[in-house]
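Heads up: the structure comes next, in structure tokens.
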Protein chains: 2
Amino acid sequence: MAIPKLTTLELRIMEAVWKLGPCSVREIQEAFPATRRPAYTTIQTTVYRLETKKALRRAKKISNAHIFEAVLSPRAARGRLVDELLSLLGGGPSLLMAHLIETGKLTRDDIAEAEEVLARFEQNEFEQEEKSK
Amino acid sequence: MAIPKLTTLELRIMEAVWKLGPCSVREIQEAFPATRRPAYTTIQTTVYRLETKKALRRAKKISNAHIFEAVLSPRAARGRLVDELLSLLGGGPSLLMAHLIETGKLTRDDIAEAEEVLARFEQNEFEQEEKSK
DNA sequence: GCAGAACTACTATCGATGTAGTAGAAACTA
DNA sequence: TAGTTTCTACTACATCGATAGTAGTTCTGC
């Protein structure tokens, strides 16, 4: 199980930990908006499950509370999500792009930005290659 | 409930119906690859659920079998998926694009294509506006 | 018309997920 | 140190989704 599949709540918890850094269950809970804040034990249970999935781990203990830290990186987790979607949409990114455009979510600026990212990325790849020579 | 949320199996079934047009449970089942083909009644149960969700409806009856047809369009269903992902990723499409680029799934060609789609789309929008005058 | 095939409608099960309660230990606090 | 707070560890439970079995009805080929 390379990258674990996360559910919605699990993902929200991971987001909190990524943002806060190593933290306690209580801190995670309080990171949720006051409205729609799950019970303490709901967060706790889900944190435990994330531990089982190796997405979080106990880093240390402060007084009587465990401090959890992320094992899974945001990149990996988000990547998993995107790949999941692509496989559901069947294959390549074109359907995805098309939808984004047609719903106005992808603007000319976004595309320009994408080009830049791609350029930077390719440059980086190139440097990696050079270095490895 | 504007656009129903579909699960993996439900989506696969919808894909089959979109492809086949109005069809029977049996036909849907046979649209699955012989390996990994769920039991007839598994498909049946899920088709019934899709009916409840108003994604499919019984169009007619041929001999003793119901013929189902799609109510939900591929566009709407896929759009729902994409929107879901965007909300999980939090906000705009940039994180999404970045991931696609970094994993090599989005190439220069894809971006060029996106630009074209965008151009066509905008042209279309413009024509709609003109027409409505 | 009857035997077997196909289909429907219903029921059942299992694991995952979201939700949260409880008992008891540990740690502050007055 | 005794009361209160906080946390852990465990348990409970409802819902959903994937899975499929069964009983009974309806066709169909001979």
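Everything quoted here is computed from the prediction, not taken from an experiment.
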>> Whole angstroms only, please: what is the NE2-P distance between A/H66 and D/dT6?
In response: 18 Å
> Just how far, in rounded Å, is C1' of D/dC16 from CZ of B/R49?
Replying inline: 8 Å
>> For the NZ atom of A/K5 and the NZ atom of A/K53, what is their distance to the nearest 0.5 Å?
In response: 8.0 Å
> What's the NZ-P distance between B/K5 and D/dC16, to the nearest Å?
Replying inline: 13 Å
> Atom CD of A/E51 and atom P of D/dC7: how far apart are they, to the nearest Å?
Replying inline: 17 Å
> Hey, does A/R26 reach any base, or is it just sugar-phosphate, or nothing, if we go heavy atoms under 4.0 Å?
Replying inline: sugar-phosphate
>> Using a 4.0 Å heavy-atom cut-off, does B/T45 contact any base of the nucleic acid, only the sugar-phosphate backbone, or nothing at all?
In response: base
> Salt bridge or not for A/K105 and A/D110, using N-O below 4.0 Å?
Replying inline: no
>> Between P on D/dT8 and CG on A/N64, what's the gap in Å once rounded to a whole number?
In response: 7 Å
> Ion pair present between A/R58 and A/E51, side-chain N to carboxylate O less than 4.0 angstrom?
Replying inline: yes
> When we call it a touch if two heavy atoms are under 4.0 Å apart, what does B/R12 touch: a base, just sugar-phosphate, or nothing?
Replying inline: nothing
>> From OH of A/Y40 over to P of D/dC10, roughly how many Å is that when rounded to an integer?
In response: 15 Å
> What residue pairs, at least two apart or across chains, pass salt bridge (Lys or Arg N to Asp or Glu O under 4.0 Å) with a residue in residues 64-77 of chain B?
Replying inline: A/E102-B/R75, B/R57-B/E69
> Nearest to the side chain of B/E10, which nucleotide is it out of D/dA18, D/dA20, D/dA9?
Replying inline: D/dA18
Enumerate, atom names and distances included, each donor-acceptor pair closer than 3.5 Å involving a side-chain atom of residues 11-18 of chain A, sequence neighbours excluded.
{"from": "A/E15", "atom 1": "OE1", "to": "A/R78", "atom 2": "NH2", "distance (Å)": "3.2"}
{"from": "A/W18", "atom 1": "NE1", "to": "A/L72", "atom 2": "O", "distance (Å)": "2.9"}

>> I need the B/T46 OG1 to B/L9 CG distance, nearest 0.5 Å.
In response: 4.0 Å
>> How long is the straight-line distance from OG1 of B/T107 back to CD of B/E113, given to the nearest 0.5 Å?
In response: 8.5 Å
> B/F32 has an atom CZ; how far is it from atom C1' of D/dA20, in whole Å?
Replying inline: 15 Å
> Under 4.0 angstrom, heavy atoms only, what part of the nucleic acid is B/T46 near: base, sugar-phosphate, or nothing?
Replying inline: base
> Got a donor-acceptor pair under 3.5 Å from the side chain of B/T7 to the base of D/dG17?
Replying inline: no
> Between which nucleotides of DNA chain C, 5' to 3', does chain A make heavy-atom contacts below 4.0 Å?
Replying inline: C/dT17 to C/dC28
>> Taking any heavy-atom pair under 4.0 Å as a contact, classify B/S63: base, sugar-phosphate, or nothing.
In response: sugar-phosphate
>> Whether the side chain of B/Q44 and the base of D/dA20 hold a donor-acceptor pair under 3.5 Å is what I'd like checked.
In response: no
>> In whole Å, I'd like the distance from the CG atom of B/L11 to the P atom of D/dG17.
In response: 13 Å
>> Is a donor from one side chain sitting under 3.5 angstrom from an acceptor on the other, for A/Q123 and A/R120?
In response: no
> Which nucleotide, D/dA9, D/dC7, D/dA20, lies nearest any side-chain atom of B/T41?
Replying inline: D/dA20
> Toward the 5' end of DNA chain C, which comes first, A/R37 or A/K61, by nearest nucleotide?
Replying inline: A/R37
